[in-house]
Amino acid sequence: MLDLKFIRKNLDVVREALTRRRAKVDVDAFSVLDERRRELITETEALKAERNTVSKDVGLRKKAGEDAADLVARMGEVGERIKALDEELRLVDEQVNDWLVSVPNIPHSSVQDGRDDSDNAEVFRWGKAPEFDFDPKEHWELGTALGGLDFERGAKLAGSRFVVYRGWAARLERALASFMLDVQTTEHGYLEIMPPVIVNRETMTATGQLPKFEADLFKLEGTDYYLIPTAEVPVTNLHRDETLPEDDLPLKYTAWTPCFRSEAGSYGKDTKGLIRMHQFQKVEMVRFEKPENSYAALEEMREHAETILKRLGLHYRVVNLCTGDLGFSATKTYDLEVWLPGQDKFREISSCSNCEDFQARRGGIRFKRKGEKKTELVHTLNGSGLAVGRTLVAVLENYQQADGSVVIPEALRPYMGGLEILTPE
RNA sequence: GGAGAGGUAGCGAAGUCCGGCCGUAACGCGCUCGACUCGAAAUCGAGUUAUGGGUUCAUAGCCCAUACGUGGGUUCGAAUCCCACCCUCUCCGCCA
């Protein structure tokens, strides 16, 4: 959510930002509502001030044994008027709020204009694509042949876009998650969190999933509960409606959770394999930063995500998402795309975003500087470190051998009981 | 799920029966500043909620409004009376 006062004073900036994002929002409608809102506030507050003083007089007169019927009668009318105006204000407030929560964040100046992911800017590449003297297979072939991935039974148990991990695959998934968590907690100073993976409407609203993107979520029927699409949601909400002491910042959290996405509107995309599941696991990083530090923090967090890919020896590239591809809450996002030889392309494996104060404003996440009276909104950031299922995909495809076996990257071996290679029976 | 108790500032807690200078909210703790001290402790003094609107260059000051778990209701006036809901704690039941 953007700041009301900021929008009021910078209508052109907002209009331009929304155009860059290809977002269709009526800025003029806001001006009309905002003006009416302030008129109503001024009017009702004046009446309330009158009522407060006169009501005190009533009390004093009664105490003195005097008659106050005239004042009571007059305030009765004022009360009616206040009631009517309050009701109108409530409606206008609601409209202003509906408008505000549907407006995406303003892109950072370093984000380039563009329509969709084809306009994203490649920042750099790391490593080299492995070379094969045979035709590299896609991960579902490898994983199924090695007996680790069972898509048929996943479909039987739940439906399409669900999978069953068996044996080495289950262990490899767990190994990857442990490895990622260990790196982020012991080397990069993140505090590990295990949050609820079911949250309420308020929580989903603060991080920006609701009200606009309800269709992307799984909701538990007959309740106010939603399954989280990412740990960003519960972890960012950890400090909702809190004012943090300056010394607590920055706060750095990491969480390994299942994530649930309905994938509405992605029919026909990535129907095979692990790339696009209704349920998958992710290790997420979330940071609460002072405004002046948030962009440096974004670079640092991106590097923390990259560390995992480097240690696994996976070729990847970093892209700076263009305005049209940016998420709703983000001002700037780096995607890490890992090389998949089986698919012969780069695929997203991490997304690191700065949301500045957009989520903090929705969620009331503040901090107070030492010696200052006023509170300020923190900046929130989140990044995958990494998507675990997709990392397993990358390991399979990049470390495959001609005979269908897969070498376990060095960094994972301690987590796999020393296992060095996965071989077909 | 059943019974009971409770939700007031950063924390603890008074006020609720009997509505009215009790919300810049008693009292205690913590925190900040100052005094005392070589320094510290102790002691003494002062300060210490947030949001919205107006004014303003100002997110400085000042004025006003709102908020006593949340949402309604009664009333000239609600922390206080009435209704619904949420959460926490204790006991019981169930349970990994």
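Just so you know, these numbers use all the heavy atoms, side chains as well, and skip hydrogens, waters and symmetry mates. Convention: sequence-line order gives letters A, B, ...; per-chain numbering from 1. In this text, all values refer to a predicted model and were calculated from it rather than measured experimentally.
- Under the 30°/60° scheme for interplanar angles, the aromatic rings of A:His278 and A:Phe162 are found to be tilted.
- Using a 4.0 Å heavy-atom distance criterion, A:Arg366 is classed as a sugar-phosphate-only contact.
- Side-chain polar atoms of A:Asp150 and A:Tyr165 form no donor-acceptor pair below 3.5 angstrom.
- When distances run from any side-chain atom of A:Ser55 to the nucleotides B:G77, B:G54, B:U66, the shortest one goes to B:G77.
- Pairing partner, B:C38: none, since no Watson-Crick or wobble contact has both distances short of 3.5 Å.
- Across all strands shown, B:U70 pairs with B:A84; the Watson-Crick or G-U wobble distances both stay below 3.5 Å.
- Comparing atom distances between the A:Lys5 side chain and each of B:U49, B:G53, B:G20 picks out B:G53 as nearest.
- Distance noted for atom C1' between B:G77 and B:A65: 16 Å (whole Å).
- Side-chain contact check for A:Asn354 and A:Thr331: no donor-acceptor pair (N or O, by modelled atom type) lies under 3.5 Å.
- For A:Asp3 and A:Leu71, each mapped to the nucleotide of RNA chain B holding its nearest heavy atom, the one lying further toward the 5' end belongs to A:Asp3.
- The nearest whole Å value for the distance from the CG atom in A:Leu60 to the P atom in B:C76 is 17 Å.
- In a base pair of the Watson-Crick type (N1 to N3 plus N6-O4 or O6-N4) or a G-U wobble (N1-O2 and O6-N3), with each distance short of 3.5 Å, B:U51 is matched with B:A65.
- As the counterpart of B:C21, no nucleotide is assigned, since no Watson-Crick or G-U wobble pattern has both distances under 3.5 Å.
- With B:C76, B:U51, B:G53 as the candidates, the nucleotide lying closest to the side chain of A:Thr375 is B:U51.
- Taking for each of A:Lys374 and A:Ala46 the nucleotide of RNA chain B with the nearest heavy atom, the 5'-most of the two is the partner of A:Lys374.
- Contact between the side-chain N/O atoms of A:Lys368 and the OP1/OP2 oxygens of B:A50 is found at a separation under 4.0 Å.
- At the phosphate of B:G77, neither OP1 nor OP2 sits under 4.0 Å from any side-chain N or O atom of A:Asn52.
- Atom name P, nucleotides B:G73 and B:U16: the rounded distance is 26 Å, in whole Å.
- Across all strands, A:Ile41 comes closer than 4.0 Å only to sugar-phosphate atoms, never to a base (heavy-atom distances).
- When rounded to the nearest whole Å, the span between CZ of A:Arg201 and C1' of B:U70 equals 17 Å.
- Atom-to-atom, CZ of A:Arg61 to C1' of B:C21 comes out at 18 Å; the value is rounded to the nearest Å.
- Atom NZ in A:Lys48 sits roughly 15 Å away from atom C1' in B:G54 (whole-Å rounding).
- Counted by atom type alone, A:Glu214 and A:Tyr226 present one or more donor-acceptor pairs between their side chains at under 3.5 Å.
- Between B:G7 and B:A60, the distance separating the two C1' atoms is 37 Å to the nearest Å.
- Looking at A:Glu122, its side chain never comes within 3.5 Å of a backbone N or O of A:Val319 through a donor-acceptor pair.
- Nucleotides B:C27 and B:A41, compared at atom C1', are 25 Å apart to the nearest Å.
- Distance from the side chain of A:Val72 is smallest for B:C76 among the nucleotides B:C76, B:U49, B:G53.
- For the salt bridge (Lys or Arg N to Asp or Glu O under 4.0 Å) test with A:Glu43, the passing option among A:Lys48, A:Arg81, A:Arg37 is A:Arg81; the others fail.
- Using a 4.0 Å heavy-atom criterion, one finds that A:Arg8 contacts the sugar-phosphate atoms exclusively.
- In this structure, the nucleotide among B:U51, B:G53, B:A58 sitting nearest to the side chain of A:Leu4 is B:G53.
- Spacing between atom CG of A:Asp86 and atom C1' of B:G72 amounts to 14 Å, rounded to whole angstrom units.
- You'll find that the side chain of A:Lys83 is closest to B:G73, out of B:A50, B:U66, B:G73.
- No side-chain donor-acceptor contact under 3.5 Å links A:Thr185 and A:Glu192.
- On the C1' atoms, B:C91 is 44 Å away from B:U32, given to the nearest whole Å.
- Residue A:Val54 is out of contact with every strand shown, counting any heavy-atom pair closer than 4.0 Å.
- At a cut-off of 3.5 angstrom, counting only N and O atoms as typed in the model, there is a donor on one side and an acceptor on the other between the side-chain of A:Glu45 and the base of B:G52.
- Between A:Arg74 and B:C76 there is no side-chain N or O to OP1 or OP2 distance below 4.0 Å.
- Residues A:Lys282 and A:Thr230 have side chains that bring a donor and an acceptor to within less than 3.5 angstrom of each other.
- In the set B:U51, B:C76, B:G53, B:C76 carries the atom at the smallest distance from any side-chain atom of A:Lys62.
- Checked against B:G53, B:C76, B:A58, the side chain of A:Met75 finds its nearest nucleotide in B:C76.
- Spacing between atom CZ of A:Arg38 and atom P of B:U66 amounts to 20 Å, rounded to whole angstrom units.
- Checking B:G4 for Watson-Crick or G-U wobble geometry (two distances, each under 3.5 Å) identifies B:C89 as its partner.
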Before giving the answer on ring-ring contact (aromatic ring centres under 6.0 Å, His included), spell out for A:His379 and A:Tyr295 the whole-Å C-alpha distance, their side-chain angles and the decisive distance to 0.1 Å. CA-CA 10 Å; A:His379 282 192; A:Tyr295 281 94; 7.3 Å; no
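- Residue A:Arg361 contributes atom CZ, which lies 12 Å from atom P of B:U51 at whole-angstrom precision.
- Separating the CG atom of A:Leu89 from the C1' atom of B:A65 is a distance of 11 Å, rounded to the nearest angstrom.
- As rounded to the nearest Å, B:A78 and B:G19 have C1' atoms that lie 6 Å from one another.
- For B:C33, the paired nucleotide is B:G45, the pair qualifying as Watson-Crick or G-U wobble because both relevant distances are below 3.5 Å.
- Going from the P atom of B:G10 to that of B:U49 covers 9 Å, rounded to whole Å.
- Distances were taken from every side-chain heavy atom of A:Arg37 (C-beta onward) to each of B:U74, B:A65, B:G52; the shortest belongs to B:G52.
- Judged by Watson-Crick or G-U wobble contacts below 3.5 Å, the nucleotide B:A9 has no partner.
- Within the 4.0 Å cut-off from OP1 or OP2 of B:G77, not a single side-chain nitrogen or oxygen of A:Lys63 is found.
- Nucleotides B:G2 and B:C17 are separated by 28 Å at their C1' atoms, to the nearest Å.
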